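Report on one structure; see the data block that follows.
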Amino acid sequence: MQEAIEAIRNYEDVDSWKTIMFLYNSALKEVNTKLEILNDEFKHVHRYNPIEHIKTRIKTPASIVKKLKRNGYEISIENMIKYINDIAGVRLICSFTSDIYRLAGMIGTQSDLKVLAIKDYIKSPKESGYKSYHMLVSVPIFLSDSVVDTKVEIQIRTIAMDFWASLEHKIYYKFEGNAPGYISRDLRDCADMVSVLDEKMLSLNNAIQECLEQEEARREYGEHFREISGDTTKLGLSN
Ligand code: 0O2
């Protein structure tokens, strides 16, 4: 298997940018399909949907250039492939924090995905308050004459974390990273509220599940009892 950089060299005569974007788009499609299948299988087996929705995106050229500059790299296709890990990005939005770790476990055991790095900003949130679970994976893209390992960043977060991150992202860009102190403080307070909300929603959901299980057990016991008393009536054993 080869890295995307070698693939670019092999395609030197062709338009490298188009080639590389073709690879990242293909990687996104592969990972997206995998995640949809995992979600469908989970729904089929457990009657439960761990993924609320999936968003995919390819980083814009302007955003790639900005990030290379921000990290002090020269603007080149090689540097972009080497240093920008989130050119192909998938975001999985879940209802509960427990879904995040369940999904991460399921992704980690996919034999054709290589997990290159994990950043758990849920256990260790960023200074800003940002919470999310990031997995950098590589997926083999099978071309007619070669196989190219291509990186995809998977971000997994709850609906509440996503709500927070979207607003914070907007504010970050609006103030170009220099938001007034009170806005940053309010955002950190909101991040704490998000954590409390996520915890409460999870414990509420667990309580609901417990009630449903007890109800099911009672129903099963009732049916079993009715069956037994029917049998004893037939045998003339009932009072
Ligand atoms: P944009 O505009 O969303 O694309 P790395 O070289 O991979 O170690 P990197 O890329 O900073 O360094 O890794 P990380 O921490 O996994 O961040 C990747 C992406 O996660 C970011 O891409 C954001 O989309 C998101 N992210 C990370 N930190 C924050 C944060 O504090 N707030 C919000 N709202 N999003 C965050 P970009 O390219 O930085 O931004």
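Remember, it's 1-based here, ligands and their atoms both numbered in the order they're listed. Every heavy atom of this structure was used, including side-chain atoms; hydrogens, water molecules and symmetry mates were not. This is a predicted model, so every value here is computed, not measured.
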Point to revise | Which atom of Asp149 lies closest to which atom of Pro140, heavy atoms considered | key: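 Where Asp149 meets Pro140 most closely, the heavy atoms are OD1-CA, 3.7 Å.
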
Which residue and non-hydrogen atom of the protein lie closest to [atom], and at what distance in Å?
{"atom": "atom 18 (C) of ligand 1", "value": "Glu153 OE2, 3.6 Å"}
{"atom": "atom 21 (C) of ligand 1", "value": "Asp86 OD2, 4.0 Å"}
{"atom": "atom 15 (O) of ligand 1", "value": "Tyr121 OH, 2.7 Å"}
{"atom": "atom 16 (O) of ligand 1", "value": "His134 ND1, 2.7 Å"}
{"atom": "atom 12 (O) of ligand 1", "value": "Lys119 NZ, 3.5 Å"}
{"atom": "atom 38 (O) of ligand 1", "value": "Lys59 NZ, 2.5 Å"}
{"atom": "atom 9 (P) of ligand 1", "value": "Lys67 NZ, 3.6 Å"}
{"atom": "atom 3 (O) of ligand 1", "value": "His169 NE2, 3.0 Å"}

Which ligand 1 atoms, with their elements, are less than 4.0 angstrom from a heavy-atom of [X]?
{"X": "Tyr173", "result": "2 (O)"}
{"X": "Arg57", "result": "4 (O)"}
{"X": "Lys126", "result": "15 (O), 27 (C), 28 (N), 29 (C), 31 (O)"}
{"X": "Ser128", "result": "31 (O)"}

Between [X] and [Y], does any side-chain donor sit less than 3.5 Å from a side-chain acceptor?
{"X": "Glu153", "Y": "Gln155", "value": "yes"}
{"X": "Tyr48", "Y": "Arg102", "value": "no"}
{"X": "Thr56", "Y": "Asn32", "value": "no"}

Check your understanding: Does the distance from a Lys or Arg side-chain N to an Asp or Glu carboxylate O, for Lys34 and Asp112, drop under 4.0 Å?
Key ->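 Looking at Asp112 together with Lys34, the answer is yes, because their closest N to O distance falls below 4.0 Å.
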
Review point. Under a 4.0 Å N-O cut-off, is there an ion pair linking Asp86 with Lys151?
Key: no

Check your understanding: Hey, is CZ on Arg70 packed in by over 12 heavy atoms from elsewhere, all under 6.0 Å?
Key -> yes

Practice item. Decide if atom CE of Met201 counts as having more than 12 heavy atoms of other residues, nucleotides or ligands within a radius under 6.0 Å. Key: no

Contact with ligand 1 for [X], non-hydrogen, under 4.0 angstrom:
{"X": "Trp164", "result": "no"}
{"X": "Gln155", "result": "yes"}
{"X": "Arg70", "result": "yes"}

Point to revise | Any N/O pair Glu168/ligand 1 closer than 3.5 Å | key: yes

Exercise for review: Give me the ring orientation class for Tyr121 and His134: parallel if the planes are under 30° apart, tilted from 30 to 60°, perpendicular past 60°.
Suggested key: perpendicular

Practice item. Test the Lys170-Phe163 pair against the cation-pi criterion, namely NZ or CZ under 6.0 angstrom from the six-membered ring centroid and within 45° of the ring axis. Key: no

